[in-house]
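Here's the structure we're looking at; comments come further down.
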Amino acid sequence: MIKAIGGSASSRPAVTRALLLATGVALTLAGCGTSSSSASGSGAAAVTTITVGIPAAITADAVLIAQDKGYFTQHHLKVNVETLNGGAANVPALQGGAIQIAQSNVLSEIQGAAQGLAVPCFAGAFALTPTGSFLPLVASAKSGITKPAQLAGKTIAVNATGGVNQLLADAWLAQRGVDYKSVHYIGMGFPDMPAAISAGRVDAAVSVEPFETEMRQQGATLLSGYLESDIQGSPIFSCWNATANWLTKNQKAAADFVAAIQQANDFIDNQPSQFRAYLGKTTKMAPKVIQVLSLPSFTTDMSNADVTEWEAAAHKYGILTGGAVDPAKVYQPVAAS
């Protein structure tokens with residue numbers, strides 16, 4: 001069952017599935033997910049029921065592909081899906097048991113661990129790639145900005161201040177000799193960025209597909225398609241996470257989830273044209289956007305280095321303060337079944 005908060009049981013959010021990965025947007029879930037096992041007949045393998053919270057984004061479509069193609073069923077999982085409005089909604093939903101698994105960016109998990117939250121990553125979700133422009137920095141045509149130096153003192157929209165996208169912009173600016181502390185960041189939902197850029201209400205934005213393609217088709221200037229180039233090691237961007245307590249008690253279910261997601265990832269990465277056709281059937285994106293939008297790399301790979309590299313960058317640019325975070329509190333790997 002797929003349940004979108006604020007919509008019908010089978011609906012996806014209108015327009016597209018906007019990426020809401022950073023912290024800062026809280027939501028109380030309607031309903032409650034449970035994790036349980038049951039046998040469906042003599043000698044039948046036990047089926048575990050879990051509820052997965054996903055952002056309203058194409059980055060989480062591996063879950064929907066796994067659902068649609070029966071990969072979860074093959075691994076003895078019954079998966080309910082809840083669409084959450086942002087990473088901050090994950091934590092209370094996980095801790096309260098409304099969901100068992102969620103997707104979040106790795107920096108948010110580090111920030112949570114630094115505050116004592118025990119909701120570690122257990123597998124990767126997706127990585128940004130040097131090709132394309134899935135998570136880019138774009139400038140308003142009305143701003144006249146075409147070079148990094150012109151961003152000094154300007155206003156840049158990010159989906160959440162103090163999060164990973166601000167960190168990416170800070171690092172990119174600093175590496176090009178721009179005083180990133182002079183930049184004024186404002187929080188804005190990704191779906192609202194095209195209108196703000198078109199009207200010149202902000203000078204630039206760290207956006208995401210499909211909104212980047214929409215903005216460029218309206219005349220916005222692409223300044224960088226791969227902001228992560230200035231984060232040492234190019235760590236994986238996002239992960240699947242759960243509470244440490246649930247992972248301890250449900251290793252088999254977590255391993256089965258990883259296995260099913262790997263199958264879905266293989267489908268998306270190896271058959272992108274079929275995935276785009278899938279988006280055409282299940283979203284309201286315009287065909288001209290679907291055919292050219294950039295995709296991330298869907299992968300379950302992750303390591304402790306992904307944690308330490310994000311943490312080092314966050315400390316360097318003041319997004320994270322305080323002492324070092326134990327990687328074991330952020331990443332507790334689970335191998336596919």
Side-chain angles (χ1 to χ4, degrees), residues 18-25 86-88 105-108 110-111 114-115 128 130 133-209 211-212 214-216 218-235 237 308-325:
L19 182 62
L20 299 167
L21 289 170
T23 59
V25 184
N105 71 76
V106 177
L107 178 59
S108 289
I110 295 170
Q111 292 171 318
Q115 298 172 14
L128 303 179
S133 52
F134 180 76
L135 190 71
L137 176 63
V138 297
S140 167
K142 291 190 175 182
S143 73
I145 294 172
T146 59
K147 300 178 181 179
Q150 295 173 298
L151 283 169
K154 301 299 184 180
T155 298
I156 299 178
V158 292
N159 67 322
T161 57
V164 66
N165 295 337
Q166 180 175 328
L167 170 59
L168 290 172
D170 284 348
W172 186 83
L173 291 167
Q175 291 300 313
R176 285 151 186 80
V178 181
D179 179 11
Y180 65 90
K181 293 183 180 179
S182 74
V183 171
H184 176 58
Y185 290 101
I186 64 171
M188 180 180 296
F190 288 119
D192 298 323
M193 290 182 183
I197 284 286
S198 179
R201 292 198 299 272
V202 296
D203 299 299
V206 179
S207 188
V208 71
E209 288 286 33
F211 304 110
E212 183 267 345
E214 179 182 347
M215 286 187 283
R216 290 182 68 189
Q218 294 173 354
T221 300
L222 177 66
L223 298 177
S224 174
Y226 185 54
L227 291 173
E228 198 179 343
S229 62
D230 296 298
I231 305 296
Q232 185 174 355
S234 298
F237 189 86
T308 57
E309 287 160 359
W310 277 121
E311 182 184 358
H315 274 119
K316 181 176 181 179
Y317 295 102
I319 297 294
L320 190 66
T321 59
V325 177

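This one's a predicted model, so the numbers in the text were calculated from it and none came from an experiment.
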Would you call the rings of F211 and F190 parallel, tilted or perpendicular, where under 30° means parallel and over 60° means perpendicular? parallel
Closest heavy-atom pair and its distance - M193, A205: SD-CB, 3.9 Å
Would you indicate whether E309, at its atom CD, is surrounded by more than 12 heavy atoms from other residues, nucleotides or ligands within a distance under 6.0 Å? yes
Write out all pairs satisfying side chain to side chain donor-acceptor pair (under 3.5 Å) with one or both partners inside residues 181-198, taking only residues at least two apart or from two chains. D170-Y185
About how many Å separate CG of L135 and OG of S207, when rounded to the nearest 0.5 Å? 8.0 Å
Euclidean distance, L227 CG relative to F134 CZ, rounded to 0.5 Å: 12.5 Å
Looking at L223 and W172, what are the two nearest heavy atoms and their distance? O-CZ2, 3.7 Å
Just one of I156, L173, L167 clears the side chain to side chain contact (heavy atoms under 4.5 Å, CB included) bar with Y180, so which one? L173
Look up atom CD in E311 and atom NZ in K316, then write down how far apart they are to the nearest 0.5 Å. 14.5 Å
Donor-acceptor contact below 3.5 Å, side chain N105 vs main chain F237: no
Output side-chain donor-acceptor pairs under 3.5 Å for residues 140-148, partner residues at least two apart or in another chain, one line each.
from: S140; atom 1: OG; to: K142; atom 2: N; distance (Å): 3.2
from: S140; atom 1: OG; to: I197; atom 2: O; distance (Å): 2.8
from: S143; atom 1: OG; to: S140; atom 2: O; distance (Å): 2.6
from: S143; atom 1: OG; to: I145; atom 2: N; distance (Å): 3.1
from: T146; atom 1: OG1; to: Q150; atom 2: OE1; distance (Å): 3.4

Gap between atom CD of Q111 and atom OG1 of T321 - 0.5 Å precision: 9.5 Å
Determine the minimum heavy-atom distance between A204 and L151, stating which atoms define it. CB-CD2, 3.8 Å
Short question: side chain of Q232, backbone of A312 - any donor-acceptor pair under 3.5 Å? no
Give the minimum heavy-atom separation between P194 and E214, together with the two atoms involved. CB-OE2, 3.7 Å
Which heavy atom in P136 sits nearest to a heavy atom in E212, and how many Å separate them? CG-CG, 2.9 Å
Q175 versus S229: any side-chain heavy-atom pair under 4.5 Å? no
For Y317 against A174, the heavy-atom pair lying closest together: CE2-CB, 3.6 Å
